[in-house]
Amino acid sequence: MPESRVSSPTPVPSRYWRRNVWLIVLLLVVWAALTFIPSYFARSLSFDFIGWPFSFWMAAYGAPLAYLVIIAVYARIMNREDRRAEEAKGNR
């Protein structure tokens, strides 16, 4: 007798993938905040910083550095999680 589609269980994502997706969502929110909040307030940041408008410095140097920090944070956390997952797999 064929199985019905209703009775097939939905695969439950592992703890590793739940944490990975949670981390990605969190870092995307940080990325969006670092991108859109300063650009929203750029007109009020009209003072000069080393001869250029401060909003220019934030866009030219601050945002790319912040993006690199986000990438480094993700890489560091996921490397640690990969090691934990490997150890857990080896202990089974």
Side-chain angles (χ1 to χ4, degrees):
M1 180 169 200
E3 291 185 35
S4 86
R5 291 182 185 191
V6 177
S7 66
S8 63
T10 306
V12 178
S14 67
R15 180 176 180 260
Y16 174 84
W17 288 109
R18 283 190 307 251
R19 288 193 67 172
N20 189 8
V21 170
W22 180 85
L23 179 63
I24 290 170
V25 169
L26 176 69
L27 292 177
L28 277 174
V29 168
V30 170
W31 169 83
L34 287 172
T35 300
F36 297 113
I37 291 174
S39 63
Y40 181 77
F41 292 107
R43 288 184 188 222
S44 62
L45 300 172
S46 60
F47 60 91
D48 284 350
F49 182 74
I50 311 176
W52 293 83
F54 184 68
S55 58
F56 165 78
W57 286 101
M58 286 184 57
Y61 297 106
L65 288 175
Y67 301 151
L68 288 175
V69 169
I70 289 172
I71 292 167
V73 166
Y74 179 77
R76 184 175 179 111
I77 291 173
M78 287 313 298
N79 283 338
R80 187 173 12 152
E81 288 298 316
D82 288 342
R83 279 193 301 273
R84 285 183 188 166
E86 292 281 326
E87 289 172 4
K89 189 185 279 187
N91 290 337
R92 287 186 202 174

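One-based numbering along the sequence shown. Hydrogens, waters and symmetry mates are skipped; everything else that's a heavy atom, side chains included, is used.
Sorted by first and then second residue, the side chain to side chain donor-acceptor pair (under 3.5 Å) pairs with a member in residues 59-74 read Asn20-Tyr74, Thr35-Tyr67; sequence neighbours excluded.
In the hydrophobic clustering of this structure, Ile37 groups with Tyr40; members are Ile, Leu, Val, Met, Phe, Trp, Tyr whose side-chain heavy atoms approach within less than 4.5 Å, directly or through other members. Side-chain heavy atoms closer than 4.5 Å link hydrophobic residues (I, L, V, M, F, W, Y) into clusters, and following such links, even through other members, never connects Val21 to Leu26.
Within 6.0 Å of CZ on Arg80 lie more than 12 heavy atoms contributed by other residues, nucleotides or ligands.
Applying the side chain to side chain contact (heavy atoms under 4.5 Å, CB included) rule to Ile50 yields the partners Trp57; only residues at least two apart in sequence or on another chain are considered. Contacts of Val73 classified as side chain to side chain contact (heavy atoms under 4.5 Å, CB included), with partners at least two apart in sequence or in another chain: Leu27, Val69, Ile77.
Going from atom CD1 of Ile71 over to atom CH2 of Trp31 covers 12.0 Å, rounded to the nearest 0.5 Å. A distance of 8.0 Å separates CZ of Arg83 from CD of Glu87, quoted to the nearest 0.5 Å. With rounding to the nearest 0.5 angstrom, the CG atom of Leu65 is 11.0 Å from the CG atom of Leu34.
Using a 4.0 Å cut-off between charged nitrogen and carboxylate oxygen, Arg84 and Glu81 count as a salt-bridge pair.
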